Amino acid sequence: AESRLQAGFDATIGKDQRIEPRDWMPEGYRRTLVRQIAQHAHSEIIGMQPEGEWITRAPSLRRKAILFAKVQDEAGHGLYLYSAAETLGADRADLTERLISGRQKYSSIFNYPTPTFADVGVIGWFVDGAAICNQVPLCRSSYGPYARAMVRICKEESFHQRQGYELLLTMMRGTQAQRAMVQDAVDRWWWPSLMMFGPPDGDSPNSAASMAWKIKRHTNDELRQRFVDMTVPQAEKLGVTLPDPQLRWNEKRGRHDFGTPDWSELKRVIAGDGPCNDERVARRTAAHEDGAWVREAAAAHAAKQAARAQA
Ligand code: ACO
């Protein structure tokens, strides 16, 4: 029976059709999806912190309203993704436990500090730009609930990317000090943004299976290249320099050549030793503990309602 089920699953993947929650799926497929979707959800939630720090300090009411909306969108993305993980049998409380105890990962990028307001712009431009490169293909991911969540998330990410770029264009039209602030943020975020795509293909243990299952549609290096090609003309238009002396157009390949990120830095940050890992996890833990009474009250209310419905 198992081999018939496996053959059905393989046929669905082969025809580029979607796997849905009630369909049979191999255990490895389920595990990989829970791992990737949970890590993605955690990234959205932890990702609220670096920019959230600027909500009280945004330079105008307009910028504050925009930033507020953006950070709220991120909470929403986290919730769609936790829901997608729940369709696979995961439990959201358990996933949160795994995040705060360090047993599940979140994106390395959110462990870097945001010392200036230009960081808000550069996060929108680079980090949300990289998220779009990585996530647009995930709209065609083989697991239905994940792919559908991605459609809406990508629309919102594209608004986020534009708000970042527009903020930077405004700063670049400002004073010399503002232009220097933008360049400094670009210098700090460029390499960590390239690392968001994950380790190089030769060092990416999950890629082969995820590609065969059509969870991932492109390898880490393919998406990194796509991001570089997309970003270079935007940097020129903005008037900033990307901090890579090896970055140049390769006429033969029709793509940009670029330098190698410091992979040992990525490993360190993933292992918990980045500039802000402790702070991010401590903040998430405190929020979880402070919210305990809300969860208890909601559960008590639901239990009362259920008892009343039975009576
Ligand atoms: N930060 C933290 N961990 C990472 C990163 C990163 N930038 N890149 C890779 N890893 C982890 C992987 O999760 C994996 O660890 P695990 O096996 O314990 O889960 C390990 O490093 C090896 O990497 P890969 O084999 O390449 O892992 P995978 O095939 O899952 O590819 C990738 C990693 C590209 C991040 C993939 O999981 C993905 O596309 N995820 C969905 C997008 C996402 O999570 N984005 C989050 C940031 S964007 C945002 O939230 C705005």
Side-chain angles (χ1 to χ4, degrees), residues 28-29 31-51 70-71 73-82 84-85 95 98-99 102-112 123-143 146-147 149-150 153-154 156-161 164 189 191-227 261-263 265-274 276-277 280-281:
Y29 179 82
R31 238 192 348 261
T32 292
L33 277 168
V34 170
R35 177 183 64 76
Q36 175 166 329
I37 297 173
Q39 174 177 310
H40 195 165
H42 298 329
S43 303
E44 299 283 357
I45 299 296
I46 295 278
M48 295 167 74
Q49 292 185 37
E51 290 179 281
K70 190 197 158 184
V71 172
D73 284 351
E74 250 119 52
H77 298 176
L79 298 185
Y80 314 148
L81 288 163
Y82 284 127
L95 297 180
R98 285 170 191 269
L99 167 67
R103 282 174 295 152
Q104 271 178 350
K105 300 183 167 81
Y106 59 92
S107 181
S108 53
I109 195 72
F110 301 117
N111 293 305
Y112 292 85
I123 288 178
W125 177 30
F126 284 171
V127 176
D128 299 319
I132 292 167
C133 270
N134 168 273
Q135 290 169 27
V136 164
L138 292 175
C139 298
R140 294 186 297 112
S141 190
S142 59
Y143 187 58
Y146 190 36
M150 275 308 131
I153 291 178
C154 284
E156 292 178 346
E157 292 294 358
S158 131
F159 157 68
H160 296 172
Q161 203 253 359
W189 288 92
W191 292 107
S193 299
L194 293 187
M195 293 175 198
M196 281 176 72
F197 294 91
D201 292 350
D203 199 16
S204 165
N206 300 301
S207 278
S210 289
M211 299 276 290
W213 281 321
K214 297 183 181 170
I215 294 172
K216 279 167 85 162
R217 293 290 188 157
H218 305 280
T219 69
N220 300 356
D221 285 333
E222 281 165 19
L223 293 172
R224 196 169 4 253
Q225 176 76 59
R226 196 178 281 194
F227 173 72
D262 178 355
W263 297 123
E265 176 178 325
L266 177 64
K267 282 198 181 125
R268 266 198 320 276
V269 176
I270 294 180
D273 195 18
C276 302
N277 296 57
R280 301 290 184 244
V281 174

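One-based numbering, in listed order, for ligands and for the atoms of each. Note: hydrogens, waters and symmetry copies are ignored here, and every other heavy atom, side chains too, is used. Heads up: numbering here begins at 1 and tracks the sequence. Small disclaimer: the values here were computed from a predicted structure and weren't measured.
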*Can you list the atoms of ligand 1 that are under 4.0 Å from a heavy atom of Y106?*
1 (N), 2 (C)
*Please work out whether any backbone atom (N, CA, C, O) or any side-chain heavy atom from C-beta onward of L223 is under 4.0 Å from ligand 1, and answer side chain, backbone, both or neither.*
neither
*Which ligand 1 atoms, with their elements, are less than 4.0 angstrom from a heavy-atom of G198?*
8 (N), 9 (C)
*Measure across S193 and I109 and return the closest heavy-atom pair with its distance rounded to 0.1 Å.*
N-CD1, 3.7 Å
*Heavy-atom closest contact (F197 atom, A130 atom, distance)*: CZ-CB, 3.5 Å
*Y29 and Y143 aromatic ring geometry - parallel, tilted or perpendicular at 30°/60° bounds*: perpendicular
_For S141 against A147, the heavy-atom pair lying closest together_ = O-CB, 3.5 Å
*Determine yes or no for a side-chain-to-main-chain donor-acceptor pair under 3.5 angstrom, with D73 supplying the side chain and E157 the backbone.*
no
*Considering distance alone, does some N or O of N220 sit under 3.5 Å from an N or O of ligand 1?*
yes
*Kindly identify the option in A131, S141, P199, A130 whose heavy atom sits closest to atom 9 (C) of ligand 1.*
P199
_Please work out, at 4.0 Å between heavy atoms, whether the side chain, the backbone, both, or neither of E74 comes within that distance of ligand 1._
neither
*asked:* Check contact between H77 and ligand 1, using heavy atoms of the residue and a distance below 4.0 angstrom.
replied: no
*Mark yes or no for whether R280, through its side chain, and F110, through its backbone, hold a donor-acceptor pair below 3.5 Å.*
yes
*Approximate separation, where rounding is to 0.5 Å, of H160 NE2 and H77 NE2*: 5.5 Å
*Nearest to atom 15 (O) of ligand 1, what protein heavy atom do you find, and at what distance?*
K105 NZ, 3.3 Å
*Under 4.0 angstrom from atom 6 (C) of ligand 1, is there any protein heavy atom?*
yes
_E44 to I153 - nearest heavy-atom pair and separation_ = OE2-CG2, 4.3 Å
_Give me the nearest non-hydrogen protein atom to atom 39 (O) of ligand 1 as residue plus atom name, then the distance to 0.1 Å._
N134 ND2, 3.0 Å
*Taking non-hydrogen atoms only, is I270 closer than 4.0 angstrom to ligand 1 via side chain, backbone, both or neither?*
side chain
_Residues that S108 engages under side-chain hydrogen bond (donor to acceptor under 3.5 Å, both in side chains), provided they are two or more places apart_ = none
*asked:* Does any part of the side chain of N220, heavy atoms only, come nearer than 4.5 Å to the side chain of P200, both counted from C-beta?
replied: no
*Taking only Lys NZ, Arg NE, NH1 and NH2, and the carboxylate oxygens of Asp or Glu, determine whether R224 and D221 approach each other closer than 4.0 Å.*
yes
*asked:* Under a 4.0 angstrom heavy-atom cut-off, which atoms of ligand 1 come close to M196?
replied: 7 (N), 48 (S)
*Can you sort out which atoms of ligand 1 are near F197, meaning under 4.0 Å from one of its heavy atoms?*
34 (C)
*What protein heavy atom sits nearest atom 47 (C) of ligand 1, and how far away is it?*
S107 CB, 3.6 Å
_Which of the numbered atoms in ligand 1 are under 4.0 angstrom from any heavy atom belonging to M195?_
7 (N)
*How far apart are the closest heavy atoms of S158 and I132, and which atoms are they?*
CA-CD1, 3.5 Å
*Would you mind checking which non-hydrogen protein atom is closest to atom 26 (O) of ligand 1, with the distance to 0.1 Å?*
S204 OG, 2.6 Å
*Between Q36, K216, H218, E157, flag the one that comes closest to atom 28 (P) of ligand 1 by a heavy atom.*
K216
*Indicate whether the side chain of Y146 and that of Q36 have a donor and an acceptor atom separated by less than 3.5 Å.*
yes
*Per-atom contacts of ligand 1 with P205, taking only distances under 4.0 Å to non-hydrogen atoms*: 22 (C), 25 (O)
*asked:* Please classify the V269 to ligand 1 contact at 4.0 Å (heavy-atom distances, strictly less than): side chain, backbone, both or neither.
replied: neither
*Which protein heavy atom lies closest to atom 13 (O) of ligand 1, and at what distance to 0.1 Å?*
Q39 OE1, 2.6 Å
*List every atom of ligand 1 that sits less than 4.0 Å from any heavy atom of R35, numbering the atoms from 1 in the order shown and giving each element.*
13 (O), 16 (P), 17 (O), 19 (O), 30 (O)
*Run the numbers for me: atoms of ligand 1, each under 4.0 Å from some heavy atom of E44, listed by number.*
50 (O)
*At their closest point, which heavy atom of P137 faces which heavy atom of R217, and how far apart are they?*
O-CG, 3.6 Å
*When you measure from atom 14 (C) of ligand 1 to every protein heavy atom, which one gives the shortest distance, and what is it?*
N206 ND2, 3.6 Å
*What protein heavy atom sits nearest atom 1 (N) of ligand 1, and how far away is it?*
S108 N, 2.8 Å
